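Encoded as structure tokens, the structure appears first; notes follow it.
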Amino acid sequence: MPQMIGVPKENFPLEKRVATVPEVVEKLIKLGFAVQIETGAGEAANCGDDDYRKAGAGVAGSARDLWATSDIVFKVRAPSMDEVALMKEGQTLISFIWPAQNPDLMTALTAKKVTVLAIDALPRTLSRAQKMDALTSQAGVSGYRAVIEAANVFGRFFSGQITAAGKVPPAKVFIAGAGVAGLAAIGTAAGMGAVVRANDTRAEVADQVKSLGGEFVKVNYEEEGSGGGGYAKVMSEGFQQAQREMYAQQAREVDIIITTALIPGKPAPRLITAEMVKTMRPGSVIVDMAAEQGGNCELTERDKAVVKHGVTIVGYTDLASRLAKQSSTLYGTNLFRLSEELCKTKDGVINVNMEDDAIRGLTVIKDGAVTWPAPPIKQAAAPAAKPAAAAAPAAKKGHGHGGGGEPMKGSTLAIMFAVAAVLFWFVGAYAPPAFLGHFTVFVLAVFVGYMVVWNVTPSLHTPLMSVTNAISSIIIIGALVQIAPPALAGVSRPDEVIRWLAVAGIGLTAINMFGGFAVTQRMLSMFRK
């Protein structure tokens, strides 16, 4: 019998999102599940009860009825204690849980003997887990919305303007933290015409910042800041001091600061002090995206936009919820992809497979037993080193011809040259003169062709396409020589078969060349705004 997925109405303050949307309900039903929602659950996200009914979902009249009749419950926010009281033994909850920050909630859920999958505990280093990564999808929405909130309270254009009334300089925006939310903010601010700067403790994100139109501001202190799993780590005191000096300088220069710095399981690091706020120009803006975890700015007030020292400090914790329809659709899709992994048989019954690294990482409670934190994921890189090590002697053996993979000896090399010299003498002594001429041209053509093809600079194409276009160009030149008049080519007129083969060669290589330019143009257009 298929299991029932229930979607209650979120009761967390200011929360407008819903755990699934009508478009996703249809997909869940195709997996074999039955779906029901609490009445009014999607209204704040512009998803009415009738929309869910049309998609095939049932509508429960109350939260108590929904929790009592659901085998699986999808939620956005971690359940409140009142909701935990409605749960029944054997039920499965899929939601944001944050087990490190909510020990009391974990204790209450364990007592209910339920299975809990925390979407925030997904191992983000697994490539196949990206489709289920709700942290990333929601952070992208929040980063975009942070820029919109900044623009709403900022007193000028983001882009520079030249009008009859005067010149308006572009806004200067500094992004502290270039994770998913930070990168979304960089792209949005740059798209609106602002001058964007960004910093992150992880040096590897510098290229990503530049690719989105921002300038990476480096801290004058060498230390690796990657903490694994795509997160940053707590830095040393020396680095933090150098970082504070850099932030103080940026605060004096920019108009808008957006902070996104978070460290899993710890309070948000304090990056912007009250003294830095005082040095900012009147009318400047700070959007603190870490307000829910204590804030990156010392003067942030949770869920408020306050003005201090002439600077507007925005501490909203519901940035993703302010784009409720969009964020709910993305979150619902993440949960659907997770459901596909849990129900590979498509019979509407989930299997929490603890042998699966992704599912094991998500599962924080299994049938009332705490399974969090998950053990480290086994790396498959170590066994792969043996074939690589074995391949090296084989490669040496193939190139050296000396046997056993050993470097070629000087005597062996001398013998090879002697044999080659004898063969060339034999060809020169007995081959017809015409053959020697053609053979010489062939050798020179191979050498020149090799040098020409592999030295083409891939400035207009990918390297592979540049090589193929270079080969096509050589083919066309040869074909043009074959069909050219004798006076132009300097050779006798070819017969009709060779002529038409040359014409066909020109046509085919022209398709390849111009097709290469067309493909490159399409690739470039993907990166244009």
Side-chain angles (χ1 to χ4, degrees), residues 12-15 76-78 80 95-106 118-121 134-136 138-139 141-143 145-147 149-150 153 174-182 184-185 198-202 219 225 227-237 239-241 243-244 246-248 250-251 256-278 280 284-309 311-322 373:
F12 192 85
L14 304 176
E15 185 56 71
V76 179
R77 293 277 185 169
S80 64
S95 173
F96 281 100
I97 298 295
W98 305 107
Q101 290 94 322
N102 296 303
D104 293 340
L105 175 62
M106 289 288 289
I119 201 70
D120 48 273
L135 280 172
T136 293
Q138 301 306 290
V141 176
S142 298
R145 185 69 191 197
V147 177
E149 295 295 337
V153 296
F174 177 70
I175 314 292
V180 175
N199 168 262
D200 197 280
T201 57
R202 297 159 294 183
V219 177
Y231 296 100
K233 69 175 184 180
V234 179
M235 306 300 286
S236 67
E237 181 56 38
F239 182 93
Q240 292 182 36
Q241 179 58 36
Q243 188 181 52
R244 284 191 289 269
M246 182 270 292
Y247 283 142
Q250 294 300 319
I256 297 169
I257 296 177
I258 299 176
T259 65
T260 71
L262 288 172
I263 298 173
K266 296 182 181 295
R270 289 295 170 88
L271 306 179
I272 308 299
T273 65
E275 291 301 319
M276 295 180 193
V277 174
K278 291 179 182 178
M280 296 182 72
S284 298
V285 179
I286 296 174
V287 180
D288 192 341
M289 294 183 63
E292 190 166 356
Q293 282 74 40
N296 294 139
C297 177
E298 189 177 350
L299 301 179
T300 297
E301 295 186 22
R302 178 174 173 145
D303 292 321
K304 293 181 180 179
V306 297
V307 179
K308 296 184 178 181
H309 308 295
V311 177
T312 303
I313 304 171
V314 179
Y316 300 148
T317 62
D318 61 338
L319 290 172
S321 186
R322 290 176 178 240

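Keep in mind that what you see is a predicted model, and the values were worked out from it rather than measured.
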Say you draw a straight line from CG of D318 to CZ of F12; how long is it, rounded to the nearest 0.5 Å? 9.5 Å
Any sub-3.5 Å donor-acceptor pair from S95's side-chain atoms to I119's backbone N or O? no
What heavy-atom pair brings A178 and T260 nearest, and what distance separates the two atoms? N-OG1, 4.5 Å
The criterion is side-chain contact (heavy atoms from CB on, under 4.5 Å); which residues satisfy it with A139, sequence neighbours excluded? V180, A181
For the atom pair CZ (R322) and CG (L14), what is the distance rounded to the nearest 0.5 Å? 7.5 Å
Holding to salt bridge (charged side-chain N to carboxylate O under 4.0 Å, His left out), I want the full list of residues that pass it with R270, two or more places apart in sequence or in another chain. none
Answer whether the closest heavy-atom distance between the side chains of Y316 and V287 falls below 4.5 Å. no
Check: G315 main-chain N/O paired with T300 side-chain donor or acceptor under 3.5 Å: no
What's the spacing between I257 CD1 and Y247 OH if we round to 0.5 Å? 9.5 Å
Pairwise side-chain contact, Q243 with T201, heavy-atom cut-off 4.5 Å (strictly under): yes
Could you tell me whether the side chain of E301 reaches within less than 4.5 Å of the side chain of I313, counting heavy atoms only? no
Any side-chain to backbone donor/acceptor pair from N296 onto D288? Under 3.5 Å, distance only. no
Between T312 and V153, what is the shortest heavy-atom contact and its length? CG2-CG2, 4.1 Å
Residues which pass side-chain contact (heavy atoms from CB on, under 4.5 Å) with A274, listed by chain and number, not counting sequence neighbours: E298, L299
Going from OG on S284 to NE2 on H309, what distance comes out if it is rounded to the nearest 0.5 angstrom? 13.0 Å
Which heavy atom of L262 sits nearest a heavy atom of A268, and at what distance? CD2-CB, 3.9 Å
Which atom pair, heavy atoms only, marks the closest approach of M289 to G143? CE-N, 3.6 Å
4.5 Å side-chain heavy-atom contact, Q250 and N199: no
How close do L271 and A176 get, counting heavy atoms only, and between which atoms? CD1-CB, 4.0 Å
Any chance you could measure Q241, atom CD, to M246, atom CE, to the nearest 0.5 Å? 12.0 Å
M280 vs I286, side-chain contact (heavy atoms from CB on, under 4.5 Å): CA-CA, chis, key distance, verdict: CA-CA 10 Å; M280 296 182 72; I286 296 174; 3.7 Å; yes
Inter-residue atom distance L319.CG - E292.CD, 0.5 Å rounding: 10.0 Å
Close side-chain approach of M106 to I97, heavy-atom, < 4.5 Å: yes
